[in-house]
Amino acid sequence: MQASRARLFKEYKEVQREKTADPDIQLVCDDSNIFKWTALIKGPSETPYEGGVFQLAFAVPEQYPLQPPQVRFLTKIFHPNVHFKTGEICLDILKNAWSPAWTLQSVCRAIIALMAHPEPDSPLNCDSGNLLRSGDVRGFQSMAKMYTRLAAMPKKG
């Protein structure tokens, strides 16, 4: 557990030092628990998520970095690789392809890349995956844009 605390503290210092280096990601450590983090990520441009800001919750295990963090969307998102109700993310690096070389920041980057390039063949959201697999890209994009507007964009007024 001491090694994981040291690693997380190092990542915390990196995040503080590089706050302006990656404007698409804002990682924040819980004040009272270094194993709980949240992130705000910007939806990638030229995707239905563009203009949205999505909140992620990180639960970091005591075996980190030997085991991956558990990450889920707190913001509702219509995406084939994200469970609509729980926010669980289907991403290989959070499961069997994890490496201790990954950091919480690089996990955020991988999630942004997944948002831009969905994998409809391993869906957690079958409705979303089925739209893409059947070739209805327009239908998928309009649903994803609608949920981005409803859940991930600041309310006006």
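Sequential numbering from 1 along the given sequence is applied to the chain's residues.
Judged by distance alone, the side chains of Asp30 and Ser32 do bring a donor and an acceptor atom under 3.5 Å apart. Using modelled atom types and a 3.5 Å distance limit, the side chains of Glu11 and Tyr64 yield a donor-acceptor pair.
Two residues are said to be in side-chain contact when any heavy atoms from C-beta on lie closer than 4.5 Å; Ile41 and Asp24 fail this criterion. Between Val107 and Ile93, some side-chain heavy-atom pair lies under the 4.5 Å cut-off. Side-chain contact check for Pro120 versus Phe140: every heavy-atom pair is 4.5 Å or farther apart. At a threshold of 4.5 Å between non-hydrogen side-chain atoms, the residues Ser106 and Thr103 count as touching. Between Asp121 and Glu119 the shortest side-chain heavy-atom distance does not fall below 4.5 Å.
The backbone N or O of Gly52 sits nowhere less than 3.5 Å from a side-chain atom of Thr148 that would complete a donor-acceptor pair. For the pair Asn125 (side chain) and Asn81 (backbone), a donor-acceptor distance under 3.5 Å is absent. Checking side-chain atoms of Arg5 against main-chain N and O of Phe35 turns up no donor-acceptor pair under 3.5 Å. Side chain of Asp136 to backbone of Leu132: no donor-acceptor contact under 3.5 angstrom is found. No side-chain donor-acceptor contact under 3.5 Å links Arg72 to the backbone of Ala57. In this structure, the side chain of Trp102 does not engage the main chain of Pro68 through any donor-acceptor pair within 3.5 Å. Put simply, the side chain of Lys42 never gets that close to the backbone of Ile25: no donor and acceptor are under 3.5 Å apart. Side-chain N or O atoms of Glu50 include one that pairs as donor or acceptor with a backbone N or O of Glu46 at under 3.5 Å.
Scanning both residues, Met115 and Ile77, for their nearest heavy atoms gives CE-CD1, 3.9 Å. Thr47 approaches Ala116 most closely through the heavy-atom pair CG2-CA, 3.9 Å. The minimum heavy-atom distance linking Leu56 with Cys108 is given by the pair CD1-SG, 4.3 Å. Closest non-hydrogen pair, Ile34 versus Leu8, comes out as O-CD1, 3.5 Å. The two residues Ile89 and Leu124 make their nearest non-hydrogen contact at C-CD1, 3.9 Å. Of all heavy-atom pairs between Cys90 and Leu114, the closest is O-CD2, 3.8 Å.
Heavy atoms of other residues, nucleotides or ligands lying less than 6.0 angstrom from CZ of Phe84 number more than 12. When the shell of 6.0 Å around CD of Gln63 is examined, it contains more than 12 heavy atoms from other residues, nucleotides or ligands. Summarising the local packing, CG of Asn33 is surrounded by more than 12 heavy atoms from other residues, nucleotides or ligands at distances under 6.0 Å. Counting heavy atoms of neighbouring residues, nucleotides and ligands inside a 6.0 Å radius, atom NZ of Lys85 does not exceed 12 of them.
Clustering ILVMFWY residues whenever any of their side-chain heavy atoms sit less than 4.5 angstrom apart, transitively, puts Met146 in the very cluster that holds Val137. Under the 4.5 Å side-chain heavy-atom criterion for Ile, Leu, Val, Met, Phe, Trp and Tyr, Val60 and Phe9 are members of the same hydrophobic cluster. Leu74 and Trp37 sit in two unconnected hydrophobic clusters of ILVMFWY residues. Membership requires side-chain heavy atoms under 4.5 Å apart, directly or through other members.
The aromatic rings of His79 and Tyr49 sit tilted relative to each other, their planes meeting at an angle between 30° and 60°.
A salt bridge is absent between Glu14 and Lys10: the closest approach of a Lys/Arg side-chain nitrogen to an acidic carboxylate oxygen does not fall below 4.0 angstrom. Arg109 has a carboxylate O that lies under 4.0 Å from a charged side-chain N of Asp22, or vice versa, which qualifies the two as a salt bridge.
For the pair Lys36 and Phe58, the cation does not sit on the ring face, since its NZ or CZ is not both under 6.0 Å from the ring centre and inside 45° of the axis.
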task = Step by step, work out the side chain to side chain contact (heavy atoms under 4.5 Å, CB included) result for Ile111 and Val71.
result = CA-CA 10 Å; Ile111 291 170; Val71 189; 3.8 Å; yes
